[in-house]
Amino acid sequence: MYHHVKKLMYTVNVGNPDPAFGNMLLEQFGGANGELAAAMQYSVQGLNCDDPERKDLLMDIGTEELSHLEIVGTLAKMHLKPMKKNRSAAEADPLIAIAGGGGVGLFNSMGNAWTADYLKVTGELDVDLRSNIAAEARAKIVYERLINFTDDSGSIDALKFLMTREITHMKAFMAALDSMGKGPLEIGKIPPDPTWVNKYMDDSTGEGDRGEINARGPWNEGGDWKIVEAPAFKTFRQLAENGSQASTSATSLKTRPTKAGRKGAR
Ligand code: MN
Ligand code: MN
């Protein structure tokens with residue numbers, strides 16, 4: 001059951017309306033990482049959730065996101081207001097000015113309509129919680145960028161509140177995932193194939209002109225990791241090692257892999 005209380009969750013003040021900034025704010029109103037997407041994602045996940053405790057969490061945060069939508073919508077509307085009458089202000093967002101009469105619409109900052117395709121709902125609680133942690137991180141960084149693009153103290157104040165709440169949600173989703181007691185790589189029930197799971201395919205070679213390197217780190221070495229060097233060249237290398245016609249390929253493989261590859265394939 002939803003009930004509208006005629007108060008904002010956080011007070012919004014705008015000193016100097018800035019229509020171009022109002023247009024940017026729409027990213028958090030009708031954009032991929034915006035408040036409507038968050039509200040719908042968590043609420044739909046909540047409706048599908050059979051775990052009563054985590055369902056409560058999903059519905060609580062889903063509902064809070066609707067209150068965030070109200071805040072960011074109010075803030076955007078205040079910034080967009082001059083475009084109701086002023087031609088140069090209207091140029092900041094003709095779609096909103098001409099079709100929407102200077103009010104907020106469910107579009108992102110580029111005028112693309114909001115879509116349910118933004119939502120990540122898998123029906124697997126731990127997988128959904130991971131999506132939510134990532135969604136909160138994206139929302140946080142979008143708010144941070146918005147804060148960096150305005151000097152209006154009232155706007156910064158409200159945006160900092162919204163930004164902070166995303167970290168709070170992230171914290172709650174992380175704790176909820178942790179409380180499920182599943183290992184970080186335990187997704188679903190079928191175990192991964194041990195032949196393949198620890199192989200790191202090093203699918204690039206050499207160094208680039210702009211300092212690109214072939215890196216080693218805990219993501220590909222140490223522990224159970226086994227590096228498979230340039231698996232795509234493996235066939236040619238094997239041909240080369242077998243001698244005969246392929247030995248020419250072996251020499252050229254070191255310097256000109258593509259040409260050698262073609263030759264080896266003959
Ligand atoms: Mn939010
Ligand atoms: Mn959130």
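Indexing begins at 1, ligand by ligand and atom by atom, following the structure's order. Only this structure's heavy atoms are used, side chains among them; waters, hydrogens and symmetry mates stay out. We count residues from 1, following the sequence as given.
Between Glu186 and Arg130, none of the side-chain N atoms (NZ, or NE/NH1/NH2) sits under 4.0 Å from a carboxylate O, so this pair counts as no salt bridge. With salt bridges taken as basic N to acidic carboxylate O contacts below 4.0 Å, one links Asp202 and Arg216. Between Glu91 and Arg87 a salt bridge is recorded (basic side-chain N to carboxylate O distance below 4.0 Å).
Contact annotation: Glu64 places no N, O or S atom under 2.8 Å from the Mn ion (ligand 1). Taking backbone and side-chain atoms together, His68 has no N/O/S atom less than 2.8 Å away from the Mn ion (ligand 2). The Mn ion (ligand 1) has no N, O or S atom of Glu136 inside 2.8 Å of it. At a cut-off of 2.8 Å, Glu35 is not counted among the residues with an N, O or S atom near the Mn ion (ligand 2).
When rounded to 10 degrees, the angle formed at the Mn ion (ligand 2) by ND1 (His169) and OE2 (Glu65) equals 90°.
Sparse packing is recorded around CG of Asp151, with 12 or fewer heavy atoms of other residues, nucleotides or ligands lying under 6.0 Å away. For Asp50, the CG atom sits in a loose shell: 12 or fewer heavy atoms of surrounding residues, nucleotides or ligands are nearer than 6.0 Å.
The Mn ion (ligand 1) is closest to atom OE2 of Glu166 (considering only N, O or S atoms).
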